[in-house]
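In this text the structure is predicted, and so the values were computed from the model without any measurement. Heavy atoms only: backbone and side chains are in, while hydrogens, waters and symmetry mates are out.
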There are 2 protein chains.
Amino acid sequence: MTYSEENYLKIIYHLSNNSGKGIATNAIANQMESKPSSVTDMVKKLADKGLVRYKKYQGVSLTDEGRFKALMIVRKHRLWEVFLLEKLDFSWDEVHDIAEQLEHIKSEKLTNKLEEFLDFPTEDPHGDPIPDSEGNIKKVDKKLLSEIPAGKKVICVGVKDSSSAFLQYLDKQQIALGSGMEVISKEDFDLSLTIQVNGKPITVSNKIAANLFVKIL
Amino acid sequence: MTYSEENYLKIIYHLSNNSGKGIATNAIANQMESKPSSVTDMVKKLADKGLVRYKKYQGVSLTDEGRFKALMIVRKHRLWEVFLLEKLDFSWDEVHDIAEQLEHIKSEKLTNKLEEFLDFPTEDPHGDPIPDSEGNIKKVDKKLLSEIPAGKKVICVGVKDSSSAFLQYLDKQQIALGSGMEVISKEDFDLSLTIQVNGKPITVSNKIAANLFVKIL
DNA sequence: ACTTAATTTTAGGGGACTCTAAAAATATTT
DNA sequence: AAATATTTTTAGAGTCCCCTAAAATTAAGT
Ligand SMILES: [Mn+2]
Ligand SMILES: [Mn+2]
Ligand SMILES: [Mn+2]
Ligand SMILES: [Mn+2]
């Protein structure tokens with residue numbers, strides 16, 4: 001598999017909600033920052049290799065083999081993120097971009113040795129579960145902060161967006177994985193939330209709340 | 001720089017004996033396991049970018065910028081080799097192939113953090129010096145075992161060939177970096193050597209001796 | 001010096017991946 | 001249901017990197 005094929009596969013995996021329907025060409029193009037016509041080409045190639053199912057105009061879904069390959073890339077990505085944070089002292093907003101490169105290194109032995117070196121971590125620095133070498137992945141039950149009604153106490157368990165910009169915003173607000181928070185009120189007009197964090201109330205936009213995963217206590 | 005450009009640059013660096021002459025197209029093609037016509041194409045591209053000097057039929061040499069870029073790739077390659085050996089318990093015959101991939105990861109910060117994590121190693125697992133972040137590289141004085149006259153006592157300080165096959169042969173003979181050895185005799189006919197290692201005399205072919213770096217005691 | 005051999009370059013082309021523009025299919029509105 | 005908008009695919013082309021075959025140049029042998 002080439003670098004490019006791997007990126008497509010991973011993005012198709014990430015877009016796969018178990019909604020039964022195929023993933024749209026457009027959705028893939030947006031994530032890949034490429035054009036729909038490029039996606040059509042690549043998707044045909046992946047279908048020829050048996051990694052995705054594809055029918056014209058019907059979207060794409062992963063085969064078992066494709067899903068496994070995608071999971072192995074996700075596994076490497078997240079293990080490297082842990083390595084960068086834990087061993088090399090990178091911050092959580094820096095690790096994703098470098099892991100985008102490291103995830104393509106091909107050596108099963110390296111991946112497994114790295115996992116052992118890191119003491120078999122189960123989550124990456126952004127709260128996402130790390131698949132094991134057989135492709136098993138823990139299903140964590142988490143909700144978006146934007147879906148929590150006022151009055152509930154929650155704990156922050158993950159981020160949907162791992163971009164540097166978003167994570168640095170969270171740092172500024174002193175929100176980290178494990179932070180407890182309580183939803184005080186929700187504004188009907190713009191869906192912004194007022195939440196209690198670190199003893200202080202702060203207001204966050206819907207865009208922020210829709211990128212923070214929490215667990216209800 | 002692309003993956004391919006980096007590999008060419010590194011190979012040109014490794015072929016650069018300070019003999020004043022340019023590196024031959026054929027020599028590069030052999031190392032790259034590609035064809036001379038492909039080399040000509042790439043070399044023109046590298047010349048356009050100011051990384052090599054090139055005149056038709058005259059061979060190629062690195063510019064200062066090209067040499068620096070090459071040194072940074074060599075630096076990454078060797079640091080990753082140390083990481084794989086020291087931290088992940090790989091053996092010295094396994095690290096080179098994986099480092100061939102890791103050397104292309106682009107992040108100066110990662111390279112420097114890795115170097116720090118490894119405690120600023122000065123040599124890789126095969127005895128080769130590691131360039132620092134400014135591109136300074138230690139010139140180690142070492143000779144090929146094949147050039148040592150009978151009677152001399154030497155210590156093994158490096159290997160010219162880092163292939164798995166050669167390194168596993170050395171393991172079998174219990175020859176490692178730091179092994180002391182004495183040249184007992186040299187056969188005129190095939191240039192094979194009889195050397196004393198680990199208290200026992202063994203005979204090695206010229207091909208072996210021409211790939212072992214030693215220092216005279 | 002002249003012939004032969006080896007090296008290097010050019011010419012032309014193929015595969016992988018991407019793009020724009022146009023055509024086809026599907027989805028949405030009226 | 002027809003018209004319009006959106007999505008998706010096709011057609012054609014460009015870049016990168018590699019190849020083979022043929023031509024040009026340089027090196028070696030007699
Ligand atoms: Mn990530
Ligand atoms: Mn990637
Ligand atoms: Mn190496
Ligand atoms: Mn390489």
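In terms of heavy-atom proximity, Asn206(A) sits nearest to Ser146(A) at ND2-CB, 3.8 Å. In plain terms, the two heavy atoms of Ile98(B) and Ser107(A) that are nearest each other are CD1-OG, 3.6 Å.
With hydrogens and angles left out, the side-chain atoms of Glu94(A) and Ser91(A) include a donor and acceptor closer than 3.5 Å. Side-chain polar atoms of Gln168(A) and Ser164(A) form a donor-acceptor pair below 3.5 angstrom. Counting only N and O atoms by type, the side chains of Ser192(B) and Thr203(B) include no donor and acceptor under 3.5 Å apart.
In this model, the phosphate group of dT10(D) is approached by a side-chain N or O of Lys44(A) to a distance below 4.0 Å at OP1 or OP2. Using a 4.0 Å cut-off, some side-chain N or O of Lys56(A) falls inside it from OP1 or OP2 of dT10(D).
Comparing dT18(C), dT10(C), dA16(C) by their nearest atom to the side chain of Ser4(A) picks out dT18(C). Distance from the side chain of Tyr57(A) is smallest for dT26(C) among the nucleotides dT10(D), dT26(C), dT9(C). Taking only side-chain atoms of Thr40(B), from C-beta outward, the nucleotide of dC19(D), dT9(C), dC19(C) with the closest atom is dT9(C). Minimum atom distance to the side chain of Pro36(A) is reached by dT9(D), of the listed dC19(C), dT9(D), dC19(D). For Met42(A), the listed nucleotide lying nearest its side chain is dT18(C); candidates were dT8(D), dT18(C), dA11(C). Listed candidates were dT20(C), dT10(C), dA16(C). Nearest to the side chain of Ser37(B) is dT10(C).
Partner of Ile130(B) under the side-chain contact (heavy atoms from CB on, under 4.5 Å) criterion, out of Val82(B), Thr122(B), Ile137(B): Val82(B) alone.
For residues 13-34 of chain A, proximity to DNA chain D is found at Ala24(A), Thr25(A), Asn26(A), defined as any non-hydrogen atom under 4.0 angstrom from a strand atom.
Scanning atom types as modelled, no donor and acceptor separated by under 3.5 angstrom connect the side chain of Asp41(B) and the base of dC16(D).
Pairs of residues two or more places apart, or lying in two chains, that qualify as ring-ring contact (aromatic ring centres under 6.0 Å, His included) and include a residue from residues 91-117 of chain B are Tyr3(B)-His104(B), His77(B)-His96(B).
Across the protein-nucleic acid pair, Asp48(A) atom CG and dA16(C) atom P stand 11 Å apart, rounded to whole Å. The distance between atom NZ of Lys35(B) and atom P of dA6(C), rounded to the nearest whole Å, is 16 Å. Counting to the nearest Å, the C1' atom of dT26(C) and the CD atom of Gln58(A) are 9 Å from each other. Going from atom NZ of Lys55(A) over to atom P of dA24(C) covers 23 Å, rounded to whole Å. Distance NZ (Lys49(B)) to C1' (dC16(D)): 10 Å, rounded to an integer number of Å.
Looking at heavy-atom distances under 4.0 Å, Tyr3(A) makes no contact with the nucleic acid at all. Counting non-hydrogen atoms under 4.0 angstrom, Tyr54(B) reaches the backbone sugars and phosphates but no base.
Both Thr2(A) and Val39(B) sit near DNA chain C, but only Val39(B) has its closest nucleotide nearer the 5' end.
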